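Heads up, the thing below is written out as structure tokens.
On a predicted model such as this, the values are computed, not experimentally measured, just so you know.
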Amino acid sequence: MPTPQTQNDLPKIRLDSLKTLSLHVVSSAITQANLTRIQAPILQHLTIQPRYKGAGNNYIVDAIQNFLPMIHPSIKHANVVDLHLGHYLVDIRTPSNLPDPHASIDISIYYDSSARTVQTFLDNTIHSSASHTPIRLSIPESPTLEWSDLGKILGFLDEVVKLSTGEIRSDPLRNLFQFLSTPLDAFGRKKWPFPNLKTIVFPSNS
């Protein structure tokens, strides 16, 4: 009886002319199997939208390793990076400014109550790109993570220039202000979160 092929045994798919790759609401098995196999040297636009929320979506962090050579320049050369942190979803996007020759990305992952998935995602994309591109941070609803954990992840994003929030309840809003008013410990030195923050947008309570 033949031995079933493992994911590492599957042949690579080289697509020399592929410029746009979009995976929307696709199962984790299909997403991981395809992303780890595809080689697209001139890929310019990458969109990944997962199907299920929960801890299992950490596979996307592993699956995008093939595309880091286009993800990092996309972040580094973008005019702005949009970072969206929803109740269970974290999304990073570089708006497409055609005919800008640089790539654009739109990658989302779901996360659970653990900060590890979000931290790993940001480490593989924003942090490892060595970029100083301005970041617009959007938190449209109360995040799943506690602000004590969230602050440790987001507080060191010095490039955040705009912070937008949705209708956050009073307690999380108080925690947000507490976070903004508390220095962070950066390798034994104190630093303020978001030192380049220029704009804060809170929703009206009409």
Side-chain angles (χ1 to χ4, degrees), residues 7-8 10-54 56-111 117-141 143 153-154 157-164 166:
Q7 185 171 294
N8 292 332
L10 294 173
K12 297 297 183 182
I13 305 170
R14 185 172 179 87
L15 301 170
D16 288 332
S17 299
L18 186 68
K19 293 186 177 182
T20 299
L21 175 60
S22 299
L23 296 175
H24 295 272
V25 197
V26 180
S27 71
S28 60
I30 294 175
T31 300
Q32 188 167 19
N34 282 282
L35 290 183
T36 54
R37 295 174 62 195
I38 291 176
Q39 296 178 340
I42 65 169
L43 189 70
Q44 294 179 353
H45 309 288
L46 175 63
T47 301
I48 304 172
Q49 301 288 342
R51 185 172 186 177
Y52 301 114
K53 60 188 177 185
N57 282 278
N58 198 49
Y59 70 89
I60 292 180
V61 175
D62 298 325
I64 64 174
Q65 297 301 310
N66 270 1
F67 303 99
L68 292 182
M70 64 84 64
I71 291 174
H72 291 161
S74 173
I75 294 173
K76 193 168 185 176
H77 295 293
N79 292 327
V80 66
V81 172
D82 288 321
L83 177 60
H84 170 101
L85 187 69
H87 190 52
Y88 283 102
L89 182 77
V90 57
D91 176 85
I92 183 171
R93 179 180 307 173
T94 58
S96 178
N97 297 315
L98 297 176
D100 188 336
H102 296 297
S104 66
I105 58 171
D106 183 359
I107 305 174
S108 302
I109 61 168
Y110 283 109
Y111 66 93
T117 299
V118 178
Q119 181 69 68
T120 303
F121 181 57
L122 295 181
D123 284 345
N124 277 267
T125 52
I126 292 179
H127 292 308
S128 59
S129 69
S131 168
H132 297 289
T133 304
I135 297 173
R136 295 185 299 211
L137 174 60
S138 173
I139 307 176
E141 54 190 343
I153 298 172
L154 301 179
L157 291 175
D158 291 348
E159 296 80 13
V160 172
V161 296
K162 181 178 181 180
L163 172 63
S164 302

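- Taken from OG1 in Thr125 to CD1 in Ile92, the straight-line distance is 4.0 Å, to the nearest 0.5 Å.
- Panel note: side chain Lys162, backbone Pro134; no donor-acceptor pair is recorded below 3.5 Å.
- Ser104 has its side chain out of reach of Gln44: every pair of non-hydrogen atoms, C-beta onward, lies at least 4.5 Å apart.
- Here Ile107 contributes atom CD1 and Ile64 contributes atom CD1; the two are 4.5 Å apart, rounded to the nearest 0.5 Å.
- Residues meeting the side-chain hydrogen bond (donor to acceptor under 3.5 Å, both in side chains) test with Ser138, sequence neighbours left out: none.
- The closest side-chain heavy-atom distance from Ile105 to Phe67 is not below 4.5 Å.
- Of all heavy-atom pairs between Ser128 and His72, the closest is OG-NE2, 2.8 Å.
- By the 4.5 Å heavy-atom criterion applied to side chains, Leu35 and Leu21 are counted as neighbours.
- One finds the CD1 atom of Ile38 at 12.5 Å from the CZ atom of Arg14 (value rounded to the nearest 0.5 Å).
- Looking only at side-chain heavy atoms (C-beta outward), Leu68 and Asn124 come within less than 4.5 Å of each other.
- Taking each heavy atom of Ser131 and Glu159 in turn, the nearest pair found is O-OE2, 3.4 Å.
- Atom CD1 of residue Ile13 and atom CG of residue Asn66 lie 10.5 Å apart, to the nearest 0.5 angstrom.
- In this model, no donor atom of one side chain and acceptor atom of the other lie less than 3.5 Å apart for Gln39 and Asp16.
- Side-chain atoms of Leu157 and Ile126, non-hydrogen and from C-beta on, do get closer than 4.5 Å to each other.
- Remark: Ser164 pairs with no residue by the side-chain hydrogen bond (donor to acceptor under 3.5 Å, both in side chains) rule, at least two apart or across chains.
- The side-chain heavy atoms of Leu85 and Asp91, taken from C-beta on, include no pair separated by under 4.5 Å.
- With respect to His45, the side-chain contact (heavy atoms from CB on, under 4.5 Å) criterion is satisfied by exactly one of Asp106, Thr20, Leu18: Thr20.
- Between Thr133 atom OG1 and Lys76 atom NZ the span is 9.0 Å, to the nearest 0.5 Å.
- The salt bridge (charged side-chain N to carboxylate O under 4.0 Å, His left out) check on Arg136 picks up Asp82, with sequence neighbours excluded.
- Within the 4.5 Å cutoff, the side chain of Leu83 has heavy atoms near those of the Leu122 side chain.
- Summarising the geometry, atom CG belonging to Asp158 is positioned 9.5 Å from atom NE2 belonging to His132; distances are rounded to the nearest 0.5 Å.
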